[in-house]
Peer 1: 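I'd like to ask you about the structure that follows.
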Protein chains: 2
Amino acid sequence: MPSLSSLKQLQYLLSVSEHLNFTRAAESCFVTQSTLSAGLKELEDTLSTRLVERDRQTVLMTPVGLEVAQRARSILSAAKDLVAFTAEAQAPMSGILRLGVIPTIAPFLLPPTVKALRKAYPQLRLALREDLTANLLSRLEGGQLDMALIALPYECSHLIVKPLFDDALWLVGRKGDTQLKARTVNVTQAMSEQMLLLEEGHCLREHALYACHASTRASHNDLEATSLLTLIQMIESGFGIGLVPEMALRSGLIKGSTLITRPLTKPSPTRTIALVARRSTPRQADLESLAQVILHIQTKTPAL
Amino acid sequence: MPSLSSLKQLQYLLSVSEHLNFTRAAESCFVTQSTLSAGLKELEDTLSTRLVERDRQTVLMTPVGLEVAQRARSILSAAKDLVAFTAEAQAPMSGILRLGVIPTIAPFLLPPTVKALRKAYPQLRLALREDLTANLLSRLEGGQLDMALIALPYECSHLIVKPLFDDALWLVGRKGDTQLKARTVNVTQAMSEQMLLLEEGHCLREHALYACHASTRASHNDLEATSLLTLIQMIESGFGIGLVPEMALRSGLIKGSTLITRPLTKPSPTRTIALVARRSTPRQADLESLAQVILHIQTKTPAL
DNA sequence: TCTTCATGATCGAAAAAATCGATTATAAAC
DNA sequence: GTTTATAATCGATTTTTTCGATCATGAAGA
């Protein structure tokens, strides 16, 4: 079975069916009459069917030719649509952007980010996923995500990493806790032992442990929080103290509670918020744009 | 706005989206990997959009690439259908055949012809038009008809003419008409004057006039028939006599009436039934096939 | 009847493109 | 450290496309 080689030939046929005149049809295709003649002939040869009845006086479409022209019209229009589709999709910050965000960032950074994006780039549609860093990165590699918003340090040398800003860890405890008397505090061994952590998998757990100068810790399952919100609840209930990102505090995580916060003495432990993408991503420009939006939000958020 | 140049490139994209591997995709397209690489690159350049994310380890479709692949699939399938359509249509005696037939042939020849065609060529769909010769020929020239079944003599030098068989004219009159005593008769001057004719435009009118040795005749409008059937009715009503094609008699035109028929003395006036088509018709083979079918029917129809 | 005009087919040359084979580069696997 | 798998790249070759010129032919006009 032969197959169509060229869309141009279909265009020729279409043009002939409109003009019923080879010379004018050729003109409208910006080729010479001989080119069009040859092209149409080749199409007819490919299909081994006469599509156009012609002699030196008259040009007539055969019934098959008319039907083929109709089909050609629809094929060419689909091809045009395809081009138009990519033209629209290629616009920066438009189309669907699949963005992953870790749970210790999402509730605090996402609401203002989404709002700002909607305003700045109405063509952009965000498909969001909140998940642990490891899952996000594996989805990133698998092509199910375009970018991810995560916290460093984290091993991601195989990715494009765009660090955005540092997010300090603050100590959170109950009012009256004698350990939190000073304006800035150090994490002592004693405090480390009272430290409540998020459950395994959250990068913030590792960052907190690092701040406690402890690389690992046996997990007391019943004393681990599943989210920053539950962590706060546990602190308030007197289970211990916690290390919470400044970002969360800024966005009002402990508002309405009786807890107090203390920055840690310099060099204070921090995590670094970063935007990552596959090295081969076609959206490098969008990565920059998104980074700018998030940074702008960060600078506008009032400090503690 | 750029436009797609090649369907092959769409095929490449599709193949890559299936294999997620350039080398194997290339194999399945029967080209080398370098060819496929170049083709895909050109497609991406044409669309100025990354469709496939790739490095030396992994191949991933971009979201746009996936959508484009989907569209490519539908375009390629439409192209395939187009080819398949012509392949089917090009089969001899298939598709739509637009056939014109004059009113003095249609009622007699068409029923058995259609029946035979349906049996012999079930793929063939007849689009029939019953009309005067002049109208049929002009539609033929205009490409609205593929063939016509007419009666000669008629000026049609610009057409392919396939004479089928001669159709003698018989005299029809009332039983007891003394002019019709002999087994074969001559058209006398007196008979000519009683001759009932079809209205202007029917070629049979001219053929009858020729048999009467009269080239023209003033039309007595109220004494002209609009069809052979009405002509017969008028004869029966005693308005005169008529010249009727043998074909009509064979198919039972005067069955049930009291009329009698007489052949004319040799050389008896005849019309010649012929199949005509544009010189440039792509259905010359079908013309022959149709001619054979009609001839076969004619030989099987019992003589008078 | 002869000439001119309009038109599609055809041919050879030139230009453009597609394709291939070989090579390179690179990261992963062993 | 070597091998393997893979896509990009390059130059040469082949194939295709395009053009311009010419031919052939029927119609229209003189």
Side-chain angles (χ1 to χ4, degrees), chain A residues 2-13 15-46 50-62 65 141-143 155-160 278-280 282, chain B residues 2-13 15-46 50-62 65 141 143 156-160 278-280 282:
Chain A
S3 74
L4 282 187
S5 54
S6 162
L7 288 175
K8 246 180 299 184
Q9 295 173 357
L10 293 186
Q11 182 58 61
Y12 293 165
L13 177 69
S15 193
V16 166
S17 85
E18 280 161 14
H19 292 93
L20 292 181
N21 174 305
F22 277 48
T23 311
R24 281 192 284 285
E27 261 173 43
S28 86
C29 295
F30 306 105
V31 295
T32 61
Q33 170 259 315
S34 71
T35 298
L36 182 134
S37 269
L40 188 56
K41 184 170 173 0
E42 199 194 318
L43 180 61
E44 289 185 325
D45 288 350
T46 305
R50 280 285 284 288
L51 304 173
V52 179
E53 252 185 72
R54 51 198 182 272
D55 54 33
R56 283 169 186 89
Q57 279 66 45
T58 35
V59 173
L60 273 178
M61 303 299 292
T62 67
E141 283 160 49
E155 160 54 28
C156 39
S157 55
H158 54 305
L159 296 171
I160 297 177
R278 277 185 307 283
R279 280 204 187 285
S280 55
Chain B
S3 73
L4 284 185
S5 55
S6 160
L7 288 176
K8 247 181 298 182
Q9 295 172 358
L10 293 187
Q11 182 57 60
Y12 293 165
L13 176 70
S15 194
V16 166
S17 86
E18 280 161 13
H19 293 94
L20 294 180
N21 175 305
F22 277 47
T23 311
R24 280 192 285 285
E27 260 173 44
S28 87
C29 294
F30 306 107
V31 295
T32 61
Q33 170 260 316
S34 70
T35 297
L36 181 132
S37 269
L40 188 54
K41 185 172 176 354
E42 199 195 318
L43 180 60
E44 289 184 325
D45 288 349
T46 305
R50 281 286 284 288
L51 303 173
V52 180
E53 253 186 70
R54 51 197 183 271
D55 54 31
R56 284 169 184 87
Q57 279 65 48
T58 34
V59 174
L60 274 178
M61 302 300 291
T62 67
E141 283 160 48
C156 39
S157 56
H158 52 305
L159 296 171
I160 297 177
R278 277 185 307 282
R279 279 204 189 284
S280 54

Peer 1: So which atom in B:Glu53 and which in A:Ser280 form the shortest heavy-atom distance, rounded to 0.1 Å?
Peer 2: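 What the structure gives for the nearest pair is OE1-OG, 2.7 Å.
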
Peer 1: Using modelled atom types only, decide if a donor and an acceptor are shared between the side chain of A:Glu155 and the backbone of A:Ser157 within a distance under 3.5 Å.
Peer 2: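 Yes, because the side chain of A:Glu155 sits within donor-acceptor range (under 3.5 Å) of the backbone of A:Ser157.
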
Peer 1: What string of B, S and - do you get for nucleotides 12-21 of chain D, 5' to 3', when a contact is any protein heavy atom under 4.0 Å?
Peer 2: -----SSBBB

Peer 1: Measure the distance from CG on B:Leu20 to P on D:dT6 and round it to the nearest whole Å.
Peer 2: 12 Å

Peer 1: I need the B:Ser15 OG to B:Asn21 CG distance, nearest 0.5 Å.
Peer 2: 9.5 Å

Peer 1: Donor-acceptor check, side chain of B:Arg50 to backbone of B:Met61, threshold 3.5 angstrom: yes or no?
Peer 2: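 Absent.
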
Peer 1: Could you give the NZ-to-C1' distance, from B:Lys41 to D:dA8, as a whole number of Å?
Peer 2: 9 Å

Peer 1: Applying side chain to side chain donor-acceptor pair (under 3.5 Å), name anything that partners A:Thr62, two or more places apart in sequence or on another chain.
Peer 2: none

Peer 1: Quiz question: by atom type and distance under 3.5 Å, do the side chains of B:Ser34 and B:Ser37 form a donor-acceptor pair?
Peer 2: no

Peer 1: With a non-hydrogen cut-off below 4.0 angstrom, is B:Arg24 in contact with a base, only sugar-phosphate, or nothing?
Peer 2: sugar-phosphate

Peer 1: Just grab all the salt bridge (charged side-chain N to carboxylate O under 4.0 Å, His left out) pairs involving residues 34-46 of chain B, residues at least two apart or on different chains.
Peer 2: B:Lys41-B:Asp45, B:Glu44-B:Arg54

Peer 1: Going 5' to 3' along DNA chain C, which nucleotides are the first and last within contact of chain A (any atom under 4.0 Å from a heavy atom)?
Peer 2: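 Going 5' to 3' along DNA chain C, contacts run C:dT7 to C:dT10.
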
Peer 1: Check this one for me: any side-chain N or O of B:Thr23 less than 4.0 Å away from OP1 or OP2 of D:dA5?
Peer 2: no

Peer 1: Output a table of nitrogen or oxygen pairs between the protein and nucleotides 24-26 of chain D separated by less than 3.5 Å.
Peer 2:
| residue | atom | partner | partner atom | Å |
| --- | --- | --- | --- | --- |
| D:dA24 | N3 | A:Arg56 | NE | 3.1 |
| D:dG26 | O4' | A:Gln57 | NE2 | 2.9 |

Peer 1: What is the minimum heavy-atom distance between A:Tyr12 and A:Gly39, and which atoms define it?
Peer 2: CD1-CA, 4.0 Å

Peer 1: Taking the basic N atoms (NZ, or NE/NH1/NH2) and the acidic carboxylate oxygens, is any pair closer than 4.0 Å for B:Glu141 and B:Arg278?
Peer 2: no

Peer 1: So for the helix from C:dT1-D:dA30 to C:dC30-D:dG1, with five pairs setting each end axis, what is the inter-axis angle to 10°?
Peer 2: 10°

Peer 1: Give me the atom names and distance for the closest heavy-atom approach of A:Cys29 to A:Leu36.
Peer 2: SG-CD1, 4.4 Å

Peer 1: Determine whether B:Leu7 and A:Leu7 satisfy the following criterion, side-chain contact (heavy atoms from CB on, under 4.5 Å), listing intermediate values before the conclusion.
Peer 2: CA-CA 7 Å; B:Leu7 288 176; A:Leu7 288 175; 3.9 Å; yes

Peer 1: Considering non-hydrogen atoms only, spot the tightest contact between B:Thr58 and B:Asp55 and give its length.
Peer 2: N-OD1, 2.8 Å

Peer 1: Could you go step by step and tell me if A:Phe22 and A:Val59 meet the side-chain contact (heavy atoms from CB on, under 4.5 Å) rule?
Peer 2: CA-CA 8 Å; A:Phe22 277 48; A:Val59 173; 3.8 Å; yes

Peer 1: Roughly, in whole Å, what's the span from NE2 in B:His19 to P in D:dA5?
Peer 2: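 From B:His19 NE2 to D:dA5 P: 17 Å.
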
